Amino acid sequence: MEIVKEAVAGTLESSDCLVMVKPYEGLKVDIESIVMERYGRRIRQIVEDVIKSMDITSGYFKIQDRGALDYCLKARIRIAIERAGVDNVR
Amino acid sequence: MRLRRTLLYVPGNSPSMIQDCMIYGADTVLLDLEDSVAIYEKDAARYLVRYALQSLDFRDTELAVRINSMDTPFWYDDLKMVVPAGVDIIRLPKAETSEDIKRLDEAISEIEKNNAIECGKVRIMVSIESAKGLINAYDIATASPRMVAIAIGGEDFTADLRVKKTREGRELFVARSELVIAARAAGIDAIDSVFSDVNDEEGLKKETEMAKELGFDGKSVINPRQIPVIHEVFTPTKEEIDEAIRINNAIKEAEAKGSGVISLDGKMVDRPIVKRAERVLKLVELLGLNEEERIC
């Protein structure tokens, strides 16, 4: 499935993250995090897992992380995708 | 019997508050999908609460989720998200009739069945926030075997009465008393309304003492700072524990003698006094207090 419109979820408050998604040819993920050095790979893995679980094949994902835990990253990415018009709840 | 001295409200769309809520020692945390979540963030809060329930360690804190009221289009989606995620209690706001509770019970049963959850595992707590709800309080309290507690929402209730909520709370006296009576008749807990001035510790203590005197089992809390004050009020005093132990010893003595009459200090101990002592000792046990240490 493709991201068909722009959407955002989350906030820039501490322990949260702001996720922005928009249409794109192919898949692209940009991550900006206050803990990039230590958790950058982990965050990327979570983003990719959620994208895969929702069968997203194209779209641009920008994650601005403020120290969000895994559960929060998952929730914000998922809802950003749903708000972008993809509905594939599992 | 379970301790429900404090029920801490936690906004359901705030990750920092959700992940810290278990450290304050509240007996129950109430992850809120209702008033603290903006209407356009309901979808986001549902996922956040769902994933938090599934992955965070809330230790042995009782976990409740306040869903949106049944006159909104949100309540069923809230349920579908949180019931399979391991919530202990669904808190329904603005309960007005026993039919509300029956509908809620049926919806939970269906979700439990579809998710292979033991039927009846998820319990219900409601808040009464209108005159109509109070009139129907006993019917509401007995409408489902899932019911564990009934609370009063003071701000909404006084607004419905067309009066102002005051620090003294005279306007809520009758409602509080009736709510406790309904809860006792139904054999469930009664939870008092929040005390909204977080800077007025003396006022909080007074209101909590009054709630305890009326028979409430606990109080809703909007700020973790309020928790120790409320816990102190709902913890039996040294004198109460001492008295309960003496009564308990008198019961044992009477039993050993094969006597049906319990006496203490030359006076007969009536059944209601025994019941009260039993409750104090149960609280001591639940609180993990050492009886010997408390009376020495």
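Worth saying up front: this structure is predicted, and the values here are computed from it rather than measured. Letters A, B, ... mirror the listed sequences (proteins, then strands); counts begin at 1.
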For R41(A), is the CZ atom crowded, meaning more than 12 foreign heavy atoms sit under 6.0 Å from it?
no
Name the region of E41(B), side chain, backbone, both or neither, that has any atom closer than 4.5 Å to a heavy atom of chain A.
both
Give a yes or no on whether the backbone of D217(B) and the side-chain of D189(B) come within a donor-acceptor separation of less than 3.5 Å.
no
Interface moiety of S16(B) toward chain A, non-hydrogen atoms closer than 4.5 Å
both
With no hydrogens and no angle check, do the side chains of D65(A) and S33(A) hold a donor and an acceptor under 3.5 Å apart?
yes
Interface residues of residues 15-27 of chain A facing chain B - heavy atom cut-off under 4.5 Å:
S15(A), D16(A)
Is K28(A) close enough and on-axis enough to Y60(A), meaning under 6.0 Å and within 45°, for cation-pi?
no
Are more than 12 heavy atoms, taken from residues, nucleotides or ligands other than I39(B), located less than 6.0 Å from that residue's CD1 atom?
no
Residues passing the salt bridge (charged side-chain N to carboxylate O under 4.0 Å, His left out) test with K102(B), sequence neighbours excluded, are none
Hey, does I111(B) have a side-chain heavy atom less than 4.5 Å from the side chain of Y76(B)?
yes
